[in-house]
2 protein chains.
Amino acid sequence: MGIQSTIEASSAKFTPAMRRVAMVIRDTPSLVLDKTIYELAATCGTSVASVVRFCQALGLSGYAQLRMSLATELGKETAQFGSNLILGAEIARSDTLQEMASKVASLEMLAIDETVSGLDYEALERVVAALDGAQRILLFGIGASQFVAQDLHHKLFRIGRNAFLLADPHEAWTAALLSPPRTVAVGFSHSGETADTVRYIEIARQAGALTIALTGSPDSALARAADECLVSRARESRLRAGAMVSRIAQLAIVDCLFLGVASQRYEQTVDALERTRDVTHPR
Amino acid sequence: MGIQSTIEASSAKFTPAMRRVAMVIRDTPSLVLDKTIYELAATCGTSVASVVRFCQALGLSGYAQLRMSLATELGKETAQFGSNLILGAEIARSDTLQEMASKVASLEMLAIDETVSGLDYEALERVVAALDGAQRILLFGIGASQFVAQDLHHKLFRIGRNAFLLADPHEAWTAALLSPPRTVAVGFSHSGETADTVRYIEIARQAGALTIALTGSPDSALARAADECLVSRARESRLRAGAMVSRIAQLAIVDCLFLGVASQRYEQTVDALERTRDVTHPR
DNA sequence: CCATCTCTGAAACAAAACTTCAGAACTTTG
DNA sequence: CAAAGTTCTGAAGTTTTGTTTCAGAGATGG
């Protein structure tokens, strides 16, 4: 229950002095945040004792609690998370920089939200378990998706996993073909139709690897070729080659994978991260 | 901007005692609302003096202000946006995969929102103009920030700009030193204290390049070294080395830059994108 | 190994919040 | 209408909470 509604509700049983306090607070609740109890009492034309009694009448322990409650409540009211939210409009050449920024930010926030709430957590569990138990992890991605693959590679490697980013076609080909037992191969492609990536996954699967598709399209060639599929959701704008939104959605999935694998051996991981951190950020 | 992002951004210049305070607050910010400064100090294993110093390091007058800021901020956060929004709690080992995913997704959405609404659009305009008019664009980034630099490189290059990603230290050094006229140099570093990156930017600036910092901390060494500064806002979780949230925030800025530059010559850009697209996605 | 500088917490200090209590104001009742 | 009782109020005193100072511990650099 909000404090301000409580004030309203309790106002019947207030004494005159308390009612004056209630009135001032109703008009400018922010006064409570700025002023001390003495100043507020003066503003209300009453004494501090009455202000304290007012707080207690509301069921609060005192002025400090009134402050906290009002502060959080005012915070809620001014909440503007997604103040940039402009959706349903294409990014146009006529847009100002600020409009474009807001639009792309909105699309990206939406993509993260949709991707994460739409995730198949059972599949995610299986993939995390597979990555955790893998002897070798192969990551395939081309073009914009390569950055995503690279990102996962960096994260997995940093916590001590045998992850390989196969950027070179020859390397990719041979790595896929020679998958040792307990190899997990992950293919990255937003469209799911990047021919090379699909091919690598097919080969790795034939070679006995467990294959995973990370794509924006659950019935794409890549998704069909792989054992498991994790789907990112993104509405790309026309300036799509930037692959801005889709990349963010894919990175969100990468983060879920990373957190999953990392948490399997939490202490160990945090330790590894902190030790590597000392190296990269000496102090 | 948000206190919690500010804590994150300033954490580089904290002393050990202050860092302990920062950590406790990052894990459970609501403690500040419930506990007195004495109790909090005890929880952090430090003295009240250090807590006060911590507040002042954030630019606040003291504990009272920290309380207010955090209270309003927590209030804001509980005002719902996405279906996943879970904030104010550290990602813990006990979390289920789904909880972890929701938390990181929330943090990432929040980071995009805070970053884009906190952007200095005048600076952004200037940077876009500079990038657009540049003869040569140098991009410096190390470690996790290198991926961000890479991303911008990929985007700029694809729309026909002379952008260079200097990954190798020798290359970076020489490229910075030999900046031809109308060179723009961009340094990427979330902390803003990555020594090499700062150095490259300093050199490039001395060589006559226009220098730009893309960092999470507006009063970091990198920001001071550069002519312009674009600030990303991110609250990283404890599994920070993943650099999950900060990376997303930086990418959001990269997208703004890209959209800005791209829209300067809209038709040309869309054309370039579509032609390169035909090559990468034949149909 | 010493000088210097930074960081830290105990203790003194200041400010704010809370409690008490005596008297004012209002109610009730004979 | 006045006396007794009740409730309400704010000044002053008390306690709690927050801030500043300062001397010593510890790190840093020569």
Side-chain angles (χ1 to χ4, degrees), chain A residues 3 7 10-25 28-72 274 277-279 281-283, chain B residues 3 7 10-25 28-73 191 193 195 219-221:
Chain A
I3 286 298
I7 293 176
S10 324
S11 67
K13 58 174 193 264
F14 286 158
T15 67
M18 281 155 85
R19 204 160 290 136
R20 263 175 289 156
V21 180
M23 223 168 241
V24 169
I25 293 180
T28 26
S30 59
L31 281 187
V32 176
L33 310 197
D34 304 333
K35 290 177 180 284
T36 70
I37 194 172
Y38 285 89
E39 295 169 329
L40 185 73
T43 313
C44 303
T46 183
S47 67
V48 288
S50 295
V51 177
V52 172
R53 279 190 286 264
F54 167 81
C55 297
Q56 291 167 344
L58 294 173
L60 302 171
S61 72
Y63 193 65
Q65 260 198 29
L66 176 71
R67 261 200 178 153
M68 297 290 89
S69 314
L70 264 176
T72 41
E274 287 182 354
R277 181 147 184 259
D278 290 343
V279 177
H281 290 79
R283 185 149 285 270
Chain B
I3 285 296
I7 293 176
S10 324
S11 66
K13 57 173 194 269
F14 286 160
T15 66
M18 281 154 85
R19 206 160 288 138
R20 281 199 299 273
V21 180
M23 222 170 238
V24 169
I25 294 181
T28 23
S30 58
L31 282 187
V32 177
L33 310 197
D34 303 334
K35 290 178 181 282
T36 69
I37 194 172
Y38 283 88
E39 294 170 327
L40 185 74
T43 313
C44 303
T46 184
S47 66
V48 289
S50 294
V51 177
V52 172
R53 278 190 286 262
F54 168 81
C55 298
Q56 292 168 343
L58 295 174
L60 302 170
S61 72
Y63 193 66
Q65 259 198 29
L66 177 71
R67 262 197 175 155
M68 297 289 87
S69 316
L70 264 176
T72 41
E73 197 163 306
S191 68
E193 303 292 345
D219 41 38
S220 60

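Naming: A, B, ... by sequence-line order, numbering from 1 per chain.
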S.K.: If you take any heavy atom closer than 4.0 Å to DNA chain D, which residues from residues 58-72 of chain A end up in contact?
M.R.: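 Heavy-atom cutoff 4.0 Å gives no residues at all.
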S.K.: Side chains of A/Ile25 and A/Leu70, heavy atoms from C-beta outward: is any pair under 4.5 Å?
M.R.: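 Counting from C-beta outward, A/Ile25 and A/Leu70 do come under 4.5 Å.
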S.K.: Quick one: does any side-chain atom of B/Glu193 pair with a main-chain N or O of B/Ser220 as donor and acceptor, under 3.5 Å?
M.R.: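 Between the backbone of B/Ser220 and the side chain of B/Glu193 there is no qualifying donor-acceptor contact (under 3.5 Å).
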S.K.: Quick check on side chain to side chain contact (heavy atoms under 4.5 Å, CB included): which of A/Arg20, A/Arg19, A/Met23 does A/Phe14 satisfy it with?
M.R.: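 Among A/Arg20, A/Arg19, A/Met23, the one meeting side chain to side chain contact (heavy atoms under 4.5 Å, CB included) with A/Phe14 is A/Arg19.
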S.K.: Which atoms form the tightest heavy-atom contact between B/Val48 and B/Tyr38, and what is the distance?
M.R.: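 Looking at all heavy atoms of both residues, the shortest contact is CG1-CD2, 3.6 Å.
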S.K.: Out of curiosity, A/Arg67 CZ to A/Leu60 CG, how far, rounded to the nearest 0.5 Å?
M.R.: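 Interatomic distance, A/Arg67 CZ to A/Leu60 CG, rounded to 0.5 Å: 13.5 Å.
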S.K.: Could you pull out every donor-acceptor pair under 3.5 Å between side chains of residues 50-59 of chain A and any protein atom, sequence neighbours left out?
M.R.:
from: A/Ser50; atom 1: OG; to: A/Thr46; atom 2: OG1; distance (Å): 3.3

S.K.: What N/O pairs connect the protein and nucleotides 6-9 of chain D at under 3.5 Å? Give each pair on its own line.
M.R.:
from: D/dT9; atom 1: OP1; to: A/Ala17; atom 2: N; distance (Å): 2.8
from: D/dT9; atom 1: OP2; to: A/Thr15; atom 2: OG1; distance (Å): 2.5

S.K.: Please answer whether the main-chain N or O of B/Thr36 pairs with a side-chain N or O of B/Glu39 as donor and acceptor at a distance below 3.5 Å.
M.R.: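 A pair under 3.5 Å: yes.
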S.K.: Look up atom CD1 in A/Ile7 and atom CG in A/Leu66, then write down how far apart they are to the nearest 0.5 Å.
M.R.: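 Reported to 0.5 Å precision, the distance equals 6.5 Å.
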S.K.: Between residues 31-40 of chain A and DNA chain D, which residues have a heavy-atom gap below 4.0 Å?
M.R.: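 Close to the strand are A/Tyr38.
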S.K.: Report yes if at least one side-chain N or O of B/Gln56 is closer than 4.0 Å to OP1 or OP2 of D/dT19; otherwise report no.
M.R.: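 No, outside the criterion.
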S.K.: Hey, where on DNA chain C does chain B first and last touch, going 5' to 3'? Cut-off is any atom under 4.0 Å from a heavy atom.
M.R.: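 Reading along DNA chain C, I get C/dC7 to C/dA10.
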S.K.: With A/Thr72, which residues qualify under side chain to side chain contact (heavy atoms under 4.5 Å, CB included), at least two apart?
M.R.: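 Expected list: B/Leu33, B/Ala71.
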